[in-house]
Novice: 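The structure that follows is given in the form of structure tokens.
Both backbone and side-chain heavy atoms feed into the values below; hydrogens, waters and symmetry mates do not.
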Amino acid sequence: MYNILICDDERDIVSALKIYLSGEGYNLLEAYDGREALELVRQNDVHLILMDVMMPKLDGIAATAKLREESNVPIIMLTAKSESGDKVLGLNVGADDYITKPFDPAEVVARVRSQLRRYTKLGAAPEPEKAGRYTLGPITLDEEAVTVTLDGEAVALTPIEYNILRLLIKHPGRIYSSQQIYELVWNESAVGAENAVSVHIRHLRQKLEIDPSEPRYLKVVWGLGYKLEDMSHEKR
């Protein structure tokens, strides 16, 4: 059983997060300012922290910075939409991710699961990369096995989706136009390329992104095309 610490000075938010996560079988701890959070981490085996930014006594940014001096426990910042600068600052001082208020329960659970998966693998020796295996962030494509995984879990893709992802993940950061993607994946002249490609890109985002409307990996570059890049810690 994983121990998750929820730290927020608003008790209603703590209660709501407990409701979201209680059904997942986690053991939940509560703190209402940064100092309480630090004490609980020192007294308990905490596996993940949900940390609010704005709190009395010791805010979430300062608490995260102090925690990083002694622990690599995953920290997900809780921020308001107006606190975009705090998101970047939180990531810079050591936070692993952030969730924007108001919360989507499914997103909260998904982000918590994702960070716990990564954390539990930290002590293991990394698996060596092999020819034909490409990894970007939580996404891994294995050409030999013809598989795609997200945080270690298999993702079912259609052949077209797989081939588009394979093209982009083999050249991270490179922008491909709809016409280029169509010609390279469909192996035919680009007729109706833009619509066909955009539909498959949308399906890929739904399968690979936590929030398809704000993708962190499969990006559109307006007027140019698409690229695959780990931009999860960049300012939006």
Novice: Under the 3.5 angstrom rule, does the side chain of Asp33 hit a backbone N or O of Arg35 as a donor-acceptor pair?
Specialist: yes
Novice: Run the side-chain donor-acceptor check on residues 199-206: report pairs under 3.5 Å with partners two or more places apart or on a different chain.
Specialist:
{"from": "Arg205", "atom 1": "NE", "to": "Leu218", "atom 2": "O", "distance (Å)": "2.9"}
{"from": "Arg205", "atom 1": "NH2", "to": "Leu218", "atom 2": "O", "distance (Å)": "3.0"}

Novice: Considering non-hydrogen atoms only, spot the tightest contact between Ala31 and Ala37 and give its length.
Specialist: CB-N, 3.7 Å
Novice: Please list all pairs passing the salt bridge (charged side-chain N to carboxylate O under 4.0 Å, His left out) test where one or both residues lie in residues 167-181, with sequence neighbours left out.
Specialist: Glu143-Lys170
Novice: Listed by chain and number, what are the ring pair (Phe, Tyr, Trp, His ring centres under 6.0 Å) partners of Tyr2, not counting sequence neighbours?
Specialist: His47
Novice: Only pairs at least two apart or in different chains count here, so list each salt bridge (charged side-chain N to carboxylate O under 4.0 Å, His left out) that has a residue in residues 36-51.
Specialist: Glu39-Arg42, Arg42-Glu70
Novice: Run Met51 and Thr64 through side-chain contact (heavy atoms from CB on, under 4.5 Å) and show every step you take.
Specialist: CA-CA 8 Å; Met51 179 81 74; Thr64 295; 4.1 Å; yes
Novice: What distance do Asn163 atom CG and Trp186 atom CH2 have between them, rounded to the nearest 0.5 Å?
Specialist: 9.0 Å
Novice: With sequence neighbours excluded, give me every salt bridge (charged side-chain N to carboxylate O under 4.0 Å, His left out) pair touching residues 12-22.
Specialist: Lys18-Glu30
Novice: With a 4.5 Å limit on heavy-atom distance, are the side chains of Tyr217 and Leu208 in contact?
Specialist: no
Novice: Are Arg68 and Asp96 within salt-bridge range, i.e. N to O under 4.0 Å?
Specialist: yes
Novice: I'd like to check Val112 versus Arg117 (side-chain heavy atoms, cut-off strictly below 4.5 Å). Are they in contact?
Specialist: no
Novice: Please go through Ile175's hydrophobic cluster and name the other residues, only I, L, V, M, F, W, Y counting, with side-chain heavy atoms under 4.5 Å joining them.
Specialist: Val221, Leu224
Novice: With a 4.5 Å heavy-atom cut-off, do Asp104 and Asp211 have their side chains touching?
Specialist: no
Novice: If I take atom CG from residue Leu78 and atom CD1 from residue Ile49, how far apart are they, to the nearest 0.5 angstrom?
Specialist: 11.0 Å
Novice: Could you measure the distance from the CG atom of Leu168 to the CG atom of Leu136? Nearest 0.5 Å is fine.
Specialist: 10.0 Å
Novice: Under 4.5 Å between side-chain heavy atoms, hopping through other hydrophobics if needed: is there a path connecting Ile76 to Ile19?
Specialist: no
Novice: Is the charged tip of Arg11 near the ring of Tyr32: under 6.0 Å from the six-membered ring centre and within 45° of its axis?
Specialist: yes
Novice: Considering only heavy atoms from C-beta outward, does the side chain of Tyr98 approach that of Val53 to under 4.5 Å?
Specialist: no
Novice: I would like to know whether Arg113 and Glu24 meet salt bridge (Lys or Arg N to Asp or Glu O under 4.0 Å); could you show each step before the answer?
Specialist: CA-CA 9 Å; Arg113 285 177 178 169; Glu24 302 298 313; 2.6 Å; yes
Novice: Around atom NZ of Lys207, are there more than 12 heavy atoms from other residues, nucleotides or ligands closer than 6.0 Å?
Specialist: yes
Novice: Could you tell me whether the side chain of Ser71 and the main chain of Leu67 form a donor-acceptor pair under 3.5 Å?
Specialist: no
Novice: Over all heavy atoms of both residues, which pair between Tyr226 and Val197 is shortest? Give the atoms and the distance, please.
Specialist: CE1-CG1, 3.8 Å
Novice: Are Asn3 and Asn27 close enough that a side-chain donor and a side-chain acceptor fall under 3.5 Å?
Specialist: yes
Novice: Search all heavy atoms of Val46 against all heavy atoms of Leu40 and return the closest pair with its distance.
Specialist: CG2-O, 4.1 Å
Novice: Indicate yes or no: at least one non-hydrogen side-chain atom of Thr79 is less than 4.5 angstrom from one of Ile99.
Specialist: no
Novice: Can you tell me how far CD1 of Ile169 sits from OG1 of Thr140, rounded to the nearest 0.5 angstrom?
Specialist: 6.5 Å
Novice: Can Gln115 and Arg111 be said to form a side-chain contact (heavy atoms from CB on, under 4.5 Å), step by step?
Specialist: CA-CA 6 Å; Gln115 291 300 327; Arg111 291 192 187 278; 5.6 Å; no
Novice: Using only heavy-atom distances, determine whether the side chains of Ser114 and Asp151 contain a donor-acceptor pair under 3.5 Å.
Specialist: yes
Novice: With heavy-atom distances below 4.5 Å as the criterion, would you say the side chains of Met54 and Asp59 are in contact?
Specialist: no
Novice: Within a strict 4.5 Å, meaning less than it, do heavy atoms of the Leu48 and Pro74 side chains meet?
Specialist: yes
Novice: For Leu29 and Ile4, what are the C-alpha separation, side-chain angles and deciding distance, and is it a side-chain contact (heavy atoms from CB on, under 4.5 Å)?
Specialist: CA-CA 6 Å; Leu29 307 172; Ile4 296 178; over 6 Å; no
Novice: Test Ile181 against Leu167 for side-chain contact (heavy atoms from CB on, under 4.5 Å), laying out the working first.
Specialist: CA-CA 8 Å; Ile181 293 173; Leu167 172 66; 4.1 Å; yes
Novice: Regarding Arg216 and Glu209, does a basic nitrogen lie under 4.0 Å from an acidic carboxylate oxygen?
Specialist: no
Novice: Quick one: pull up CG in Leu28 and CG in Leu5 and give me the separation to the nearest 0.5 Å.
Specialist: 9.5 Å
Novice: According to a 4.5 Å side-chain heavy-atom criterion applied to Ile, Leu, Val, Met, Phe, Trp and Tyr, with indirect links allowed, do Ile139 and Ile210 form part of one hydrophobic cluster?
Specialist: no
Novice: Is there a path of hydrophobic side-chain contacts, each under 4.5 Å between heavy atoms of I/L/V/M/F/W/Y residues, joining Leu184 to Ile164?
Specialist: yes
Novice: Quick one, Ile13 and Asp52 - any side-chain contact, counting heavy atoms below 4.5 Å?
Specialist: no
